[in-house]
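The block underneath contains the structure these notes are about, expressed in structure tokens.
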Amino acid sequence: MEKKVRGLRHLMVTVFLSGMGNFIVIPGITDVTMFALCPATDECSLAIYLSAFQQAMIGVGTVLMIPLIGNLSDEYGRKALLTLPMTLSIIPLAVLACSRTTNYYYAYYAVRTLTAMVSEGSINCLSLSYLADNISDSERASAFGILSGVSSGAFVCATLAARFLSTASTFQVATFVSTLALVYMRIFLEESRPDQVDSMIQPMLKEGEDIIQKDGNAPGKMPVFKKIPSLGDVICLLKSSPSFSQAAVAAFFASLAEGGMISSSMYYLKARFHFNKNQFADLMLIDGIASTISQLFLMPRLVSSIGDRRLLSVGLLVTCVNAILYSVAWSAWVPYAATTLSIVMVFAPPSLRSIASKQFGPGEQGKGQGCISAVSSLANIIAPLIFSPLTALFLSEEAPFQFPGFSIMCIAITLVMDIHYSLISSNK
């Protein structure tokens with residue numbers, strides 16, 4: 001497999017550069033938002049609600065767009081479809097590279113909301129589909145882990161850069177690196193069309209029919225997708241295989257928890273312990289280093305011995321422990337300690353993607369990954385609607401009882417439900 005992965009080095013470089021361009025702005029975006037909306041304060045309900053609304057709107061867009069992009073990539077190729085989201089992701093970065101004043105922030109807010117409806121999650125979906133085109137199903141979980149490790153490595157480099165760059169320089173560098181990623185991809189990455197690669201597993205689609213093996217039972221039929229898949233197409237796809245539907249449910253709850261952490265954790269840490277850009281960068285650096293080491297070296301060895309389903313359950317369990325520690329943090333060092341658990345938490349996403357990917361042949365990877373991404377995006381619509389109001393309430397003086405981390409404890413409860421479901425599924 002190592003030889004095959006080395007053969008995909010241009011994909012890895014593309015993912016690394018694209019990820020670095022997007023990740024480098026994350027540590028500073030909370031401070032930029034607070035400065036533009038509520039200067040000289042550590043708690044701002046307006047910032048929380050606007051961020052939640054943006055996250056929900058992006059989720060609505062990605063639910064509609066990612067299955068379409070994934071499905072079109074099955075026909076027109078991964079590289080052709082990668083060009084669109086990678087181009088769109090540059091625009092909002094360029095806006096804040098010019099200025100971070102209130103007017104520019106609102107322009108960034110509007111532009112990012114629109115462009116992220118297409119770009120958010122699409123690059124990851126298409127990269128996974130490209131990888132699945134060229135890696136056999138028995139080696140796919142490890143390969144997905146390595147790809148996630150490359151993305152985590154980009155996160156580490158981006159966070160290190162953000163730690164030492166000024167805010168203005170951060171967005172300028174992000175714009176440059178994202179543009180470089182697009183140019184590199186267009187020049188060096190070879191096109192990957194499913195009909196141009198050798199079939200490594202039995203394809204699900206044959207002569208107008210979708211055939212999938214239902215965990216040892218008689219194969220069932222699925223309707224052929226149109227170029228623009230409808231909600232009914234996605235629902236039929238989820239019903240087609242117990243393994244795929246189980247992966248989709250697990251992905252929903254995991255993404256619900258992840259979306260809750262995205263919409264809550266930074267504002268919680270800023271209000272609770274007065275964290276700023278540098279401290280956020282330190283947390284992300286710990287997370288990135290742990291994730292990179294785990295996905296590149298630890299996960300490929302573990303997945304061959306215990307399987308992707310058990311690895312998924314372990315990852316979800318440790319993610320739940322992480323959320324609990326965040327919610328009851330009694331000192332500023334506790335979030336740092338909890339973040340080290342990322343070395344195990346990162347097992348969950350590649351395992352989920354691997355379980356889903358094995359249900360599809362090389363000609364349907366875009367369709368399958370797009371469906372899972374759409375389910376995750378649906379969770380990202382719901383998460384801020386639930387957790388952002390809870391966060392704003394329990395950080396305010398009107399909280400019904402004193403528990404600033406209550407919203408994050410609710411996220412931990414969501415993960416408990418996901419762990420229970422994944423354990424039941426893995427024992428079937």
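All values below were derived from every heavy atom in this structure, side-chain atoms included, with hydrogens, water molecules and symmetry-related copies excluded.
- Scanning both residues, A47 and L37, for their nearest heavy atoms gives CA-CD1, 3.8 Å.
- A distance-only check finds a donor-acceptor pair linking the side chain of T414 to the backbone of C410 [under 3.5 Å].
- With rounding to the nearest 0.5 angstrom, the CD1 atom of I262 is 11.5 Å from the OG atom of S51.
- A161 and I24 make their closest contact through CB-CD1, 3.6 Å (heavy atoms, listed as atom of the first residue, atom of the second, distance).
- Here ring pair (Phe, Tyr, Trp, His ring centres under 6.0 Å) pairs that include residues 374-400, with residues two or more places apart or in two chains, are F394-F401, F394-F406.
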Worksheet item: Checking side chain to side chain contact (heavy atoms under 4.5 Å, CB included) for the pair L395/Y268: CA distance, chi angles, key distance, verdict?
Response: CA-CA 7 Å; L395 291 179; Y268 163 71; 4.2 Å; yes

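- A 4.5 Å side-chain heavy-atom check between M86 and S18 finds at least one atom pair inside the cut-off.
- Counting only distance, with no hydrogens or angles, the side chain of Q295 and the backbone of V150 share no donor-acceptor pair below 3.5 Å.
- Few gaps surround CZ on F273; more than 12 heavy atoms of other groups in view lie less than 6.0 Å from it.
- Judged by distance alone, with hydrogens and angles left aside, the side-chain atoms of S255 form no donor-acceptor pair with the main-chain N or O of N380 at under 3.5 Å.
- Here the side chain of Y326 pairs no donor or acceptor atom with the backbone of M261 at under 3.5 angstrom.
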Item to complete: Apply side chain to side chain contact (heavy atoms under 4.5 Å, CB included) to the pair L82 and L189, showing each step before the final yes or no.
Response: CA-CA 10 Å; L82 266 172; L189 187 66; 4.0 Å; yes

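- Separation of atoms CD1 (I29) and CD1 (I26) is listed at 9.5 Å; rounding is to 0.5 Å.
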Item to complete: Show your reasoning for whether side chain to side chain contact (heavy atoms under 4.5 Å, CB included) applies to L165 and Q172.
Response: CA-CA 10 Å; L165 289 171; Q172 292 165 2; over 6 Å; no

Worksheet entry | F155/S291 under side chain to side chain contact (heavy atoms under 4.5 Å, CB included): CA gap, chis, key distance, verdict | CA-CA 9 Å; F155 187 79; S291 299; over 6 Å; no

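- Contact between S45 and A392 at its shortest, heavy atoms only, is OG-CB, 4.3 Å.
- Sorted by first and then second residue, the ring pair (Phe, Tyr, Trp, His ring centres under 6.0 Å) pairs involving residues 165-188 (not counting sequence neighbours) are H10-Y184, H10-F188, Y184-F188.
- Closest approach of R112 to P92, counting heavy atoms only: CB-CB, 3.7 Å.
- The minimum heavy-atom distance linking L128 with L147 is given by the pair CD2-CD2, 3.8 Å.
- Contact annotation: the side chain of S294 never approaches that of V344 to less than 4.5 Å [non-hydrogen atoms, C-beta and beyond].
- Looking at M409 and V328, their side chains come closer than 4.5 Å, going by heavy atoms from C-beta outward.
- No side-chain heavy atom of T14 sits under 4.5 Å from any side-chain heavy atom of Y130.
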Can you give the donor-acceptor pairs under 3.5 Å from side chains of residues 55-63 to other protein atoms, not counting sequence neighbours?
unit_1: Q55; atom_1: NE2; unit_2: G259; atom_2: O; d: 3.2
unit_1: T62; atom_1: OG1; unit_2: I58; atom_2: O; d: 3.1
unit_1: T62; atom_1: OG1; unit_2: G59; atom_2: O; d: 3.0
unit_1: T62; atom_1: OG1; unit_2: S377; atom_2: OG; d: 2.7

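- Within the model, atoms CD of Q279 and CE of M266 stand 12.0 Å from one another, a figure rounded to the nearest 0.5 Å.
- V118 is linked by a side-chain contact (heavy atoms from CB on, under 4.5 Å) to M65, I69, L84, L88, counting only residues two or more places apart in sequence or in another chain.
- For the residue pair V15 and S151, the shortest heavy atom distance occurs at CG1-CB, 4.3 Å.
- Residues I386 and S407 form no side-chain contact, since every pair of their non-hydrogen atoms from C-beta on lies 4.5 Å or further apart.
- With sequence neighbours excluded, no residue forms a salt bridge (Lys or Arg N to Asp or Glu O under 4.0 Å) with R272.
- Here OG1 of T391 is found 6.5 Å from CD1 of I411. Values are rounded to the nearest 0.5 Å.
- When atom types are taken as modelled, the side chain of Q369 and the backbone of C125 share no donor-acceptor pair closer than 3.5 angstrom.
- The structure places CD1 of I372 at 12.5 Å from CZ of F252, a figure rounded to the nearest 0.5 Å.
- For the atom pair CG of D287 and CD1 of I343, the computed distance is 11.0 Å after rounding to the nearest 0.5 Å.
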Item to complete: Please step through side-chain hydrogen bond (donor to acceptor under 3.5 Å, both in side chains) for the pair Y105 and T33, ending with a clear verdict.
Response: CA-CA 7 Å; Y105 175 79; T33 302; 3.3 Å; yes

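- Under the 4.5 Å side-chain criterion, counting only non-hydrogen atoms from C-beta, P335 is in contact with L269.
- Taking 4.5 Å as the limit, some side-chain heavy atom of N134 sits within range of a side-chain heavy atom of L8.
- For the pair S354 (side chain) and P350 (backbone), a donor-acceptor distance under 3.5 Å is absent.
- Formation of a donor-acceptor pair under 3.5 Å by the S327 side chain with backbone atoms of I324 is found in this model.
- Formation of a donor-acceptor pair under 3.5 Å by the S73 side chain with backbone atoms of G70 is found in this model.
- The number of heavy-atom neighbours closer than 6.0 Å to CZ of F35, taken from other residues, nucleotides and ligands shown, is 12 or below.
- Looking at S342 and M284, their side chains never come closer than 4.5 Å, going by heavy atoms from C-beta outward.
- Taking the salt bridge (Lys or Arg N to Asp or Glu O under 4.0 Å) definition, one finds that R100 meets it with nothing, sequence neighbours left out.
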